[in-house]
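Worth saying up front: this structure is predicted, and the values here are computed from it rather than measured.
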Amino acid sequence: EFPARPVWWHDDSVMAIGVIEGQVNPHHAAATACKVLAEKGIQTVSVEVYDIVKIQKEEDWEKLAADPCR
């Protein structure tokens with residue numbers, strides 16, 4: 001579903017996923033990740049979306065979108 005694996009977890013409350021900016025709508029990606037988590041019975045995790053290419057090239061973790069998954 002998403003180009004970057006593994007995803008990053010923070011304190012079991014935030015899951016970060018990587019996408020390629022300009023190729024994926026980051027808000028849609030966050031909503032999709034929340035849907036997958038809900039299907040697995042996980043409802044206490046927020047999702048953050050980052051540009052994986054920018055992280056790889058510049059080590060810059062600029063958040064593109066987020067969803068509280070509530």
Check residues 38-48 and write down every donor-acceptor pair under 3.5 Å in which the side-chain atom is one partner and the other belongs to a residue at least two apart or another chain.
residue	atom	partner	partner atom	Å
Glu48	OE1	Tyr50	OH	2.5

Please name the pair of heavy atoms, one in Ile17 and one in Ala29, separated by the smallest distance, quoted to 0.1 Å.
->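 Taking every non-hydrogen atom into account, CD1-O, 3.8 Å.
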Would you name the heavy atoms of Asp51 and Leu64 that are closest together and state the gap between them?
->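 Residues Asp51 and Leu64, closest heavy atoms: N-CD1, 3.6 Å.
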Would you find more than 12 non-hydrogen atoms of other residues, nucleotides or ligands less than 6.0 Å from Glu59 atom CD?
->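 Open.
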Step by step, work out the side chain to side chain contact (heavy atoms under 4.5 Å, CB included) result for Glu62 and Lys54.
-> CA-CA 8 Å; Glu62 180 182 347; Lys54 194 168 191 177; 2.8 Å; yes
Nearest 0.5 Å, what's the CG-CG distance between Asp67 and Leu37?
->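 Reported to 0.5 Å precision, the distance equals 10.0 Å.
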